[in-house]
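First up is the structure itself, then whatever we jot down about it.
The figures that follow rest on heavy atoms only: side chains count, while hydrogens, waters and symmetry mates do not.
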Amino acid sequence: MKAGDLYYIEWVDAATLGGHEWREKKEIDSLAAPHIRTAGWVHKVTDTSVLIVSTMDLHDTNDPSYWGEMMIPLGCITKKRKLR
């Protein structure tokens, strides 16, 4: 993956039931890591993660604006496909 590439990525995220209360075993036994699907343009890749964005405003090419940024740890990616 490199900056500017358009990718479809499937990945597994961390999960929590949230809150600050004690939970019964049956509640925490049902907790599962969510499987996420994300598509976007690669903004940058580091040794540990990839930053993608879903929307770019290129009106000012010297200072573009971004929306829908997502930093995904590389170790969480289960599938990836270059779209363009």
Side-chain angles (χ1 to χ4, degrees):
M1 287 188 283
K2 66 179 189 305
D5 289 347
L6 180 61
Y7 265 87
Y8 166 83
I9 300 172
E10 291 184 14
W11 56 289
V12 178
D13 200 1
T16 181
L17 294 172
H20 299 285
E21 63 275 357
W22 285 91
R23 305 237 186 240
E24 295 180 2
K25 182 182 182 305
K26 65 181 176 184
E27 289 179 280
I28 63 169
D29 284 347
S30 66
L31 186 62
H35 292 260
I36 311 296
R37 290 185 281 184
T38 304
W41 284 269
V42 174
H43 183 70
K44 74 175 180 177
V45 180
T46 72
D47 290 339
T48 60
S49 58
V50 58
L51 174 60
I52 65 170
V53 296
S54 65
T55 306
M56 296 180 285
D57 177 357
L58 302 175
H59 179 74
D60 181 352
T61 56
N62 292 322
D63 188 21
S65 297
Y66 304 95
W67 185 84
E69 67 283 345
M70 177 67 62
M71 182 68 85
I72 303 172
L74 295 176
C76 294
I77 296 174
T78 59
K79 181 180 181 180
K80 62 185 177 184
R81 185 175 76 228
K82 186 175 179 181
L83 300 176
R84 171 180 77 118

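Taken from OH in Y7 to CD1 in I72, the straight-line distance is 12.5 Å, to the nearest 0.5 Å. To the nearest 0.5 Å, atoms CD1 (I9) and NZ (K80) are separated by 8.0 Å.
Here the side chain of D5 pairs a donor or acceptor atom with the backbone of K2 at under 3.5 angstrom.
Under the 4.5 Å side-chain heavy-atom criterion for ILVMFWY residues, no single connected hydrophobic cluster contains both W67 and L51. Cluster annotation: L6 and I52 are assigned to distinct hydrophobic clusters (Ile/Leu/Val/Met/Phe/Trp/Tyr, side-chain heavy-atom contacts under 4.5 Å, transitive).
Under the side-chain hydrogen bond (donor to acceptor under 3.5 Å, both in side chains) criterion, the residue pairs touching residues 12-21 are E21-R23, with sequence neighbours excluded.
The hydrophobic cluster around W22 extends to none of the other residues, as no ILVMFWY side-chain heavy atom falls under 4.5 Å of it.
Residues M71 and S49 meet the side-chain proximity criterion, which asks for heavy atoms closer than 4.5 Å.
Shown here for V53 and Y66, the closest heavy-atom pair between the two residues is CG2-CD2, 3.8 Å. Heavy-atom minimum distance, V50 versus V45: CG2-CG2, 3.9 Å.
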Can you give each donor-acceptor pair under 3.5 Å made by side-chain atoms of residues 30-43, sequence neighbours left out, with the distance rounded to 0.1 Å?
from	atom 1	to	atom 2	distance (Å)
S30	OG	E27	O	2.8
T38	OG1	W11	NE1	3.0

